[in-house]
Structure formats: C-alpha cells, structure tokens
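In what follows, chains carry the letters A, B, and so on, assigned in the order in which the sequence lines appear, proteins first and then strands, with residues in each chain numbered from 1.
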2 protein chains.
Amino acid sequence: MARWEPDARLRLVRAAIDLYAEQGYESTTVAQVAERAGLTKATFFRHFPDKREPLFAGQEEHAALLADGAALAPDDASPLEVVTAALDHATAAFTAEQRDWGPRLRAVVGTHDELRERAAFKRAHLTGTLAAVLRDRGAGEATAAIAADLGVEAFHRGFDRWSDGEGPSYGDLAREELRTLHAAATALR
Amino acid sequence: MARWEPDARLRLVRAAIDLYAEQGYESTTVAQVAERAGLTKATFFRHFPDKREPLFAGQEEHAALLADGAALAPDDASPLEVVTAALDHATAAFTAEQRDWGPRLRAVVGTHDELRERAAFKRAHLTGTLAAVLRDRGAGEATAAIAADLGVEAFHRGFDRWSDGEGPSYGDLAREELRTLHAAATALR
DNA sequence: TCCATCGATGAGACCGTGTCTCATCACCGT
DNA sequence: ACGGTGATGAGACACGGTCTCATCGATGGA
C-alpha cells in the first residue's frame, strides 16, 4: 500500500476541503481537486465514490465506533447507559486533526444543499445503526428510536463544542449534552 | 397555468414513480420519464430541480403544514401540545392519492441510496422547521430538538401505517404514535 | 542483477445529469 | 386578425461518474 507519494487519500481530503472553502463547492471541479493533490480525476474516484465524500471521510468510522461501544456495554445496562458507553467509545476517533477540521468542515457543508443532504444521510445512518443495536439488546421500538436520537444529537453537539475548542475532553462534553437532552426528554409534556 | 395537455407536473410524477419502480431508478433516464409524460428532458427540469425530486413532490407542503399548525396552537400550549396541533393540521395534506402512492414510494426510495439520502434530507428539514417554531415559542434548545424529533418520528410512523391501510384516520394514528413515543421518552433511563 | 508480478496511477472514451439559449407554438385579450 | 405571454422543444454545453487499457514503480525471487 502507498507507493509513489504516499497518503493520496489524505491529500485528496485536504485538497477538497481547501478548494471547496476557497472557491466554493459548486465552482470547484473534481479535476481541480485531483490536480491540487497531484493526481487525476480517475484516481479521485478510486478513493471516493463521489465529489462530496472526502468531506465525510471520517464518518463511517464514527458509526462503527458508536456501534462497537454500544455492543460492548454490560448486558444489564439501560438504553441510556448503552448510549453513554457508545459516546465514550467514539472518543477514540477524535484526533487533533479532526478537531482542527471541524469548524472548517461545518462552514463548507453549510454552504451547499448537496452537502447538507449528505450530512443528513450520514446522521440518519448513525441513528439507524445505534437504534438497531438497542433493539437487538431488547429495547422497545420506540425506546430504541428515542435513545438513538438523543445519542446522536449529543454526539454532534459534543463534537461541535469540542471542535470549537471548548471543554476539556470530548467525552465529557458529549456526556453533558446527553444529560441535558435526557432531562429535557423526561420533562417533556 | 396549464395549457396544452394540463397537469404536466402530475404526469411527470406518475411517470417517474412508474418507471423507477418498473426498471429501477438507476437504469431509468430523465429523458425516459419525460417521454412517458409526453414531454422532453428540458421540460422535466422546468418542473423539478433534479431526477429525485418528483418522488418527494409533496414534502414541502408537509413542512409548511406542520409549521402552520404549530404556529396556530394557543400561546400557552406545551411543546407536546404544539406538536400535536402540528400533526393534526398536517392531516389536510393526506389525500387518497397520497395514500395509494405511499407504499410504492417507500419501496422505490428504499432501493437506492441516492433516494434514501434525499428522504433523510427532507426529514431533517421537517425536524429543523418544527424545532425552530418551538424555539420561537420559548421552548429551550434541547426541549425543542427532542419535541421536534418525536413529532417527525410520529409523523412518519403514522403516515406509514395510514398508507398501509391501517386505522381510521391519519390524525388518530399519528397521535397514537406520539403518545407511544412520549411514554418511551419519559420512561427513558 | 535482472526479470516477472502486482497494485496504484494516467489517459481518454463514454453516458447521463443538469444548465442554458433560442426558436416555436398555443392561448389570450384587444 | 394580431400581438403578447408563457409553456414547450431542440440542441449545445460542462461536469460528474464509469469503464477500459496502457503505464510505471516497487517488490520478490532466480
């Protein structure tokens, strides 16, 4: 793996973020992204299925980590404890580089519906994965859906605050968000 | 408004649903859809912004109705009561034709990620709209987010059951789903 | 040292989506 | 009849995304 100049994939991610931010997503062509990374269009599509995906490269990992963390929780854990375990486990994915990219990614994604759409899809995938784990553990349909919603909401709120440089660790922020959301949920009338 | 053969837009919707179901979404071209509707590719794109949109033609109306219904609720209504009012008001959108198309649409959308993605986006839009109304009415950030999630979840579950031919009226089904979800939410631990 | 292999890349043809411009045609009011 | 208006058709165009074939660079073995 990785001959010639290594890290082609990473170079493509960086080139995409930079160009989409500099010139706008629409007015940037895939060929331009590839060129900035020292590659060609064909190679871009060998690393990513489409023009939007480099911006969301880390997300499948997040889904996997959330699911793994949830599956690793003790058998007698309540749904909310399972979600907490999932959030804690996901902490592993959050490197310094991810934190730096966070705000820039949010800004770029916010500029174009096509990107918002992909973000919504990834989020729905996350929610679905988490809900499936909860159902497998015996939670009711409705309970699984709500707990998953709260977990993913906390996941994103925590990440946003963390990548804005707030708080000590991501894990603490996410847990705090989850507590807040849970309190609001039980108080709902 | 509608000269020549009237209802060009509706004919396009029907042609799209039929062809996407018959031949698959991928292997159907926009030109084919337009041709079945007795039109051309250029006219298709005058009625819809892209190939996916005819399948989701009714959804903006749903968002508007939910928002209107929520805004019409009495000033002292609780978040959940606001959501209930929104669901009741949305009932207006559900014609017999919508019910017939429901299962077919679900089936087609389920066959292709590109369509699932659009569905997730529409749903996120719905949730965002509802949450915004709730925040404007003074609900807290977290409360608005959760109430909106429950509302949209109930909206979709209700619609699925209703379009499967279940239950008396859509309004009753959606209210029932909302009650179930609310019960699960308050019982969450 | 040389060579065969294998995986990553480049080159370029190709189809479909989505945009745009210009011409056409049907309806409408006068 | 006649001109205006708005929906449509025709066709060129750029770009996204797929595919095939050729190339090249590193590796491992004789």
**Asked** Choosing from dG17(D), dG10(C), dT8(D), which nucleotide comes nearest the side chain of Ala8(B)?
**Response** dT8(D)

**Asked** If you check the Thr40(B) side chain, which of dG9(D), dG16(D), dT17(C) turns out closest?
**Response** dG9(D)

**From Asp88(B), Thr180(B), Leu87(B), residue fulfilling side chain to side chain contact (heavy atoms under 4.5 Å, CB included) relative to Arg175(B)** = Asp88(B)

**Short side-chain N/O contact to dC19(D) OP1/OP2 from Arg46(A), under 4.0 Å** = no

**Asked** Between dT8(D), dT18(D), dG11(D), which nucleotide gets closest to the side-chain atoms of His47(B)?
**Response** dT8(D)

**Asked** Arg106(A) and Ser163(A): side-chain donor and acceptor closer than 3.5 Å?
**Response** yes

**Request:** Identify whether NZ of Lys or CZ of Arg in Lys51(A) sits under 6.0 Å from the centre of the six-membered ring of Phe45(A) and within 45° of that ring's axis.
**Result:** no

**Prompt:** With sugar-phosphate meaning primed atoms plus P, OP1 and OP2, does Thr28(B) contact a base, only sugar-phosphate, or nothing at under 4.0 Å between heavy atoms?
**Reply:** sugar-phosphate

**Nucleotide nearest Thr29(A) when distance is taken to its side chain, options dG17(D), dG10(C), dG16(D)** = dG16(D)

**Message:** Using the rule side chain to side chain donor-acceptor pair (under 3.5 Å), only one of Glu117(A), Gln59(A), Glu53(A) pairs with Lys122(A); which is it?
**Reply:** Glu53(A)

**Message:** Given the structure, check if the side chain of Lys41(B) and the base of dG18(C) hold any donor-acceptor pair shorter than 3.5 Å.
**Reply:** yes

**Item:** Closest-nucleotide 5' rank along DNA chain D - winner of Thr43(B) and Glu26(A)
**Value:** Thr43(B)

**Item:** Rounded distance (Å) that lies between atom C1' of dG17(D) and atom NE2 of His112(B)
**Value:** 12 Å

